Amino acid sequence: MLTLKNISFRYRGRPAWILQNFSFQANPGDIIAVKGVSGSGKSTLLHIFCGVIPKLINGYFQGDVFIGNTDLAELSLPETAPHMSLVMQNPDLQLFFPIVEQELAFAPENLKLHPYEIEKRVAGTLSELKIGHLRYKETANLSYGQKKLVTFASLLTLDPEILLLDEISAGISSTGIEIIVDILKKRADSGKIIIIADHNPLLLGLAKKTIDLDEINNGPDLHIQ
Amino acid sequence: MDPIFTFSDFSFGYLKHELLFHDLELKVNSNSVTLIQGDNGSGKTTLCNLMSGLLTRHKGQFLLENHNMDKLSKKDISEKVVLLKQNILGNIVAATPEEDLIIWQEKFRRKCSEDDNEKRMKAFQLYNMEEFLLKPVWELSHGQIKRITLAALLLNSKKFWILDEPFSGLDSKLISILENTIKDRKNKNFGTLIVSHRSEFHTDFIDEIYRIENQGILKV
Ligand SMILES: Nc1ncnc2c1ncn2[C@@H]1O[C@H](COP(=O)(O)OP(=O)(O)OP(=O)(O)O)[C@@H](O)[C@H]1O
Ligand SMILES: Nc1ncnc2c1ncn2[C@@H]1O[C@H](COP(=O)(O)OP(=O)(O)O)[C@@H](O)[C@H]1O
Ligand SMILES: [Mg+2]
Ligand SMILES: [Mg+2]
């Protein structure tokens with residue numbers, strides 16, 4: 001279970017609140033859509049979920065985030081990652097290794113899994129996403145969409161309980177989106193919590209609950225000056 | 001219709017033993033809207049980069065209007081065409097939106113012009129960016145960063161536009177603003193090439209659709 005309790009946030013130097021006293025709960029198996037116009041705060045909300053806000057980003061933050069009964073404030077970011085992890089909007093910020101295979105093996109190696117299990121996750125993910133041909137490619141030379149698929153693949157080899165996806169569909173072909181949709185359905189069926197900030201109707205359509213930031217921001221008494 | 005780009009017997013590969021394009025044939029019209037589709041990794045961005053002079057060393061014929069691309073300087077090319085890169089940060093040269101557009105204006109200035117400020121403001125207004133002119137780009141959302149470059153395009157209205165995934169990451173209102181801009185341009189005989197995975201365009205919006213496949217390009 002993932003819980004937000006009375007969250008308020010605004011960035012330093014910005015008058016507008018992104019969230020005010022916002023509470024929310026997600027249960028295992030939930031797919032949640034985060035909707036909103038450009039600049040409404042979709043990425044910000046995902047950063048709050050995973051703890052990057054307030055741990056790395058300056059601003060006025062109030063409220064609590066819980067994974068189960070654990071207060072996120074008590075976990076460091078590396079301690080949070082195996083439970084909850086984010087695919088960022090910009091893949092260039094998230095690829096660290098020269099070769100795709102290394103990128104995918106990094107998380108399960110870090111979890112100290114058995115080499116057999118590591119190989120199973122890496123090979124399984126590559127084939128599930130139909131990107132086996134990229135395994136030995138240099139990450140720096142991939143096309144944009146290929147980079148995005150690889151960052152998604154490394155989330156899948158990490159296999160956290162909560163998956164946060166920031167505009168995962170941007171730059172992905174329609175075939176690629178169908179593959180992603182299938183994978184997300186399967187993961188939700190197996191009890192993962194999946195939170196999707198996106199504009200793509202196919203992905204948003206997966207969700208049972210929606211957080212509509214435009215609605216929240218147009219509500220009463222929100223913009224203090 | 002005059003082609004702005006002509007490819008004939010055209011080949012290109014990043015690696016010697018691996019061609020991405022082989023004997024490609026394509027004419028891109030200078031005054032209409034061309035859509036290029038293709039799977040991830042098929043070569044769409046590569047094609048855009050070739051047309052903007054960012055990649056060289058092709059084989060075969062490759063003309064910009066009547067000129068051989070290999071004979072043209074980057075400057076010659078950038079006076080005819082402008083590229084919106086798929087990797088949006090790759091389009092930004094300054095620390096703030098305002099500064100970025102000023103650099104665009106200065107880069108292509110032949111004569112000092114009084115209405116530079118006004119043009120810049122109009123461009124930012126169209127994309128709802130007035131509020132963020134002086135904000136550092138690292139404090140902007142993805143869509144806001146993209147809007148800086150969409151505004152910069154408006155300062156290059158007489159050039160041929162090459163847009164690599166212009167609609168991704170934009171909300172529906174921004175998409176229709178951009179679509180209208182592209183339509184207006186077409187009515188003034190300025191063409192646009194769009195790379196996009198989106199398929200739901202109005203029928204009157206796109207003039208020609210091509211798909212990159214098997215190292216070549218096919219009309220759809
Ligand atoms: N600098 C490079 N060196 C080697 N290979 C490269 C380089 N840049 C791109 N490639 C490869 O060339 C192919 C085409 O890449 P390109 O970026 O043109 O694809 P694309 O059609 O734009 O894909 P996407 O839809 O994902 O943006 C891909 O397989 C990519 O891995
Ligand atoms: N580090 C930051 N500092 C200040 N303002 C920011 C920062 N990051 C984002 N913002 C602002 O917060 C708002 C929401 O941004 P974001 O969550 O990225 O929007 P989106 O819904 O497009 O993902 C935007 O107006 C953006 O300019
Ligand atoms: Mg965002
Ligand atoms: Mg591309």
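Every chain is numbered from 1, with letters handed out A, B, ... down the list of sequences. Only heavy atoms go into these numbers, but all of them, side chains included; no hydrogens, no water, no symmetry mates. Fair warning: this is a prediction, and the values are worked out from it, not measured in the lab.
- In this structure, B/E118 places its CD atom where only 12 or fewer heavy-atom neighbours from other residues, nucleotides or ligands lie under 6.0 Å away.
- Contact between A/S38 and B/R147 at its shortest, heavy atoms only, is OG-NH2, 2.7 Å.
- A donor-acceptor contact shorter than 3.5 Å is absent between the side chain of B/H197 and the backbone of A/S174.
- Note: B/G169 leads B/S141, B/G169, B/S172, B/S199 in heavy-atom pairs under 4.5 Å with chain A.
- Across all their heavy atoms, B/G41 and A/S143 have their closest contact at N-OG, 3.4 Å.
- For chain A, no part of B/I88 is nearby; none of its heavy atoms comes within less than 4.5 Å.
- In this structure, CG in B/N87 is found 7.0 Å from NZ in A/K147, a value given to the nearest 0.5 Å.
- More than 12 heavy-atom neighbours from other residues, nucleotides or ligands sit within 6.0 angstrom of CD on B/E213.
- Interface residue B/K135: only side-chain heavy atoms are found under 4.5 Å from chain A.
- Within 6.0 Å of NZ on B/K27 lie no more than 12 heavy atoms contributed by other residues, nucleotides or ligands.
- What you find for B/L140 and A/R14 is that their closest heavy atoms are CD2-NH2, 3.8 Å.
- Heavy-atom distances place no part of A/S43 under 4.5 Å from chain B, backbone and side chain included.
- Within the 4.5 angstrom heavy-atom criterion, no atom of B/F167 approaches chain A.
- Of the two parts of B/Q37, neither the backbone nor the side chain holds a non-hydrogen atom closer than 4.5 Å to a non-hydrogen atom of chain A.
- In this structure, B/H142 and A/N90 approach most closely via the heavy-atom pair CE1-CB, 3.6 Å.
- The number of heavy-atom neighbours closer than 6.0 Å to NZ of B/K159, taken from other residues, nucleotides and ligands shown, is above 12.
- Within the 4.5 angstrom heavy-atom criterion, only side-chain atoms of B/E165, from C-beta onward, approach chain A.
- Crowding of B/K183 atom NZ: a count of heavy atoms from other residues, nucleotides or ligands under 6.0 Å exceeding 12.
- Within a 6.0 Å radius of NZ in A/K209, other residues, nucleotides and ligands contribute more than 12 heavy atoms.
- The environment of NZ in B/K80 is sparse: at most 12 heavy-atom neighbours from other residues, nucleotides or ligands sit within 6.0 Å.
- The candidate with the highest count of non-hydrogen atom pairs below 4.5 Å against chain B, out of A/E167, A/K42, A/Q89, A/K35, is A/Q89.
- More than 12 heavy-atom neighbours from other residues, nucleotides or ligands sit within 6.0 angstrom of NZ on A/K55.
- If you measure heavy-atom distances from A/L149 to chain B, the contacts under 4.5 Å come from the side chain alone.
- In this structure, the side chain of B/N40 does not engage the main chain of A/Q146 through any donor-acceptor pair within 3.5 Å.
- Contacts of B/L170 with chain A are made by backbone atoms alone, with heavy-atom separations under 4.5 Å and no side-chain atom involved.
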